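As the structure is a computational prediction, the values presented were derived from the model and not from experiment. Atoms within a ligand are numbered from 1 in the order they appear, just like the ligands themselves. Below, all heavy atoms of this structure are taken into account, side chains as well, without hydrogens, waters or symmetry copies.
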Amino acid sequence: MTNKIQAVKGMNDLLPGKVESWHLVEEVLREVAWSYGYQEIRTPIVEKTALFQQSIGDQTDIVEKEMYVFDDASDTSLALRPEATAATVRAGNQHGLFHNQHQRLWYMGPMFRRERPQKGRYRQFHQFGIEAFGWQGPDIDAEVIRVGARIWERLGVKNISLKLNTLGSPESRERYRDALYEYFSDNKQLLDEDSLRRLARSPLRILDSKVPSTQELVVAAPSIIDFLDEDSHAKFTTLCDSLTRSGIEIDIDDRLVRGLDYYTSTVFEWVTDQLGSQSAVCAGGRYDQLVEQRGGRPTPGVGFAMGIERLVELIAIEQVNEVPAQLDLYVISMDEQQHAVEIAELVRKSGIRAVEHCGGGKVKNQMKKADQSGAQFAVIVGEDEIANRSVQLKDLRGDGRQEQVKLDLLVTKLQSKITRIN
Ligand code: HAM
C-alpha cells in the first residue's frame with residue numbers, strides 16, 4: 001500500500017466553494033489600488049537570501065527562523081520570499097524605477113514563512129500590498145493608510161481599527177534606542193532569552209516580545225514620544241490630523257515597533273478582535289533608507305501588506321458579502337443534444353458562463369444536476385421550443401419562475417438578470 005501524500009503543513013489547498021470569496025476580495029483590492037493610481041508589479045517568488053537578510057534584518061524572527069532557504073546548483077543561497085517589500089525595492093533599483101520619478105506600486109501573491117501553523121498563520125500565505133516611492137510624507141503616509149480604509153469600506157469590514165506610531169528620525173530613534181538599552185539592561189534579570197540576545201543590537205524589538213514577563217517590563221519602558229525631535233513630531237501630528245479629517249479613527253500605540261528592521265518613522269497596523277491571536281490584518285510603514293541601503297539613490301518609501309487569508313476569514317465571520325454564483329446557465333436538452341450545444345455556444349459568445357448537460361438522462365434528473373451546479377438559470381430545450389426558435393428559461397435561485405423566451409432575446413434577457421462578481 002502506498003501512502004497518501006498530504007499537502008505540506010501550513011500550506012493550504014483552496015477548493016471550489018471557497019475560492020469564489022477570494023476572487024471577490026482580489027477584485028476589490030485591484031480596483032481600489034487602481035483607483036488611487038497604483039500600478040501592478042510582479043516579482044519572482046524566489047530571491048537571493050542575502051536580499052532578505054540585509055533588508056528585513058538578520059536578527060528578526062523572519063530571517064533567523066522562518067525563511068525557506070536552499071542552495072541552487074551554483075551554490076547561491078536562495079529563499080522563498082517571506083514578504084514583498086524587499087523584492088519591490090530590489091526590482092525598482094534594478095530597473096531604474098526610482099530615477100527622478102515617483103512610483104505607486106501594488107502587488108499580490110504567495111509569501112512563505114516557516115512559522116508554527118495555526119488559525120490565521122500559515123507557511124504559505126498571500127499578501128496584497130502597496131508601496132509608494134519618492135515622497136517624504138506625511139501626505140503620502142496618509143494616502144497609504146486611506147487606501148486600507150477604503151478597502152475595508154468596499155468590503156464592508158467594520159470590526160477593524162488603526163494602531164499608529166512613529167519611530168521618529170534616525171537621530172531621535174538613536175536616542176530612544178540608547179534609553180531603551182539602558183532601561184532593559186537595568187532589568188536584565190527579567191528579560192527572556194530572545195530579548196536578551198536582542199538587547200545590544202535591537203532593543204526596540206524587545207517592545208514586540210510576546211513573552212509575558214518581558215511584556216510586563218515593556219509596560220514601564222520609556223516612550224518614543226518623549227524622544228521625537230521637532231520635525232518628527234510635526235510630521236506625525238500632520239499625519240494624525242489628515243487621517244482624522246478623513247474620518248479615520250486613530251489609536252496611537254507608542255509600543256508598536258513592527259518585526260522588520262527597515263522601518264524608519266511611521267508604522268501602523270490595522271487590527272481586529274475577530275480573529276483571535278492573529279489580529280493584524282494589515283501592517284506597514286515608512287522605510288526611507290531601504291532603497292539606498294540596497295544600492296539605489298536615496299528614495300523614501302512607505303507601504304503596507306495585508307494577509308488575504310485573514311481578510312477572507314474576517315469577511316466570512318462578519319458575513320458581509322454573499323458571494324454570488326459563478327455559473328450563469330445550465331443547458332438541459334430533452335431531445336437533440338446539438339441544439340443545447342448551439343445555445344450554450346451562442347450565450348458564451350456574449351460572456352455568459354454556461355454548462356451543457358452531458359450524459360443524457362431524464363429531464364427531471366438533468367434538472368437536479370442543474371440545481372447542484374450552482375447556476376442561476378437553466379434553459380430547457382425541447383421539440384416545441386426548437387420548432388418555434390425559443391427555450392424555456394427557469395430561474396434556479398430566485399422565485400423559480402419558468403418562462404418561454406425567444407432565442408433572439410435570450411442573451412439580452414440573461415444579461416439583464418445575471419448577478420455576478422466578475
Ligand atoms: P508583516 O507584518 O510581516 O509586514 O505582514 C503583513 C501582513 O501579512 C500581516 O499583518 C498579516 O495579515 C499577514 N501575514 C504575515 N504573516 C502571515 C502568516 N504566516 N500567515 C498569514 N498571514 C500572514 C510585511 O510583510 C511588510 N512587507 C509590510 C509592508 C509593506 N511594510 C511596508 N510595505
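Here the straight-line distance linking atom OG of Ser223 with atom CG of Leu207 works out to 9.5 Å at 0.5 Å rounding.
Residues that satisfy the ring-ring contact (aromatic ring centres under 6.0 Å, His included) test with Phe227, not counting sequence neighbours, are Tyr176.
Using a 4.0 Å cut-off between charged nitrogen and carboxylate oxygen, Arg348 and Glu356 count as a salt-bridge pair. Under a 4.0 Å N-O distance rule, the pair Glu40/Arg42 qualifies as a salt bridge. Using a 4.0 Å cut-off between charged side-chain N and carboxylate O, Arg146 and Glu153 make no salt bridge.
Cation-pi check for Arg286 over Trp135 is not met; the charged atom does not lie both under 6.0 angstrom from the ring centroid and within 45 degrees of its normal.
Residues of the protein with a heavy atom under 4.0 Å from ligand 1 are Glu83, Thr85, Tyr107, Arg113, Glu115, Gly120, Arg121, Tyr122, Phe125, Gln127, Glu131, Arg258, Leu260, Tyr262, Tyr263, Ala280, Val281, Cys282, Ala283, Gly284, Gly285, Tyr287, Gly303, Phe304, Ala305, Gly307, Arg310, listed by chain and number.
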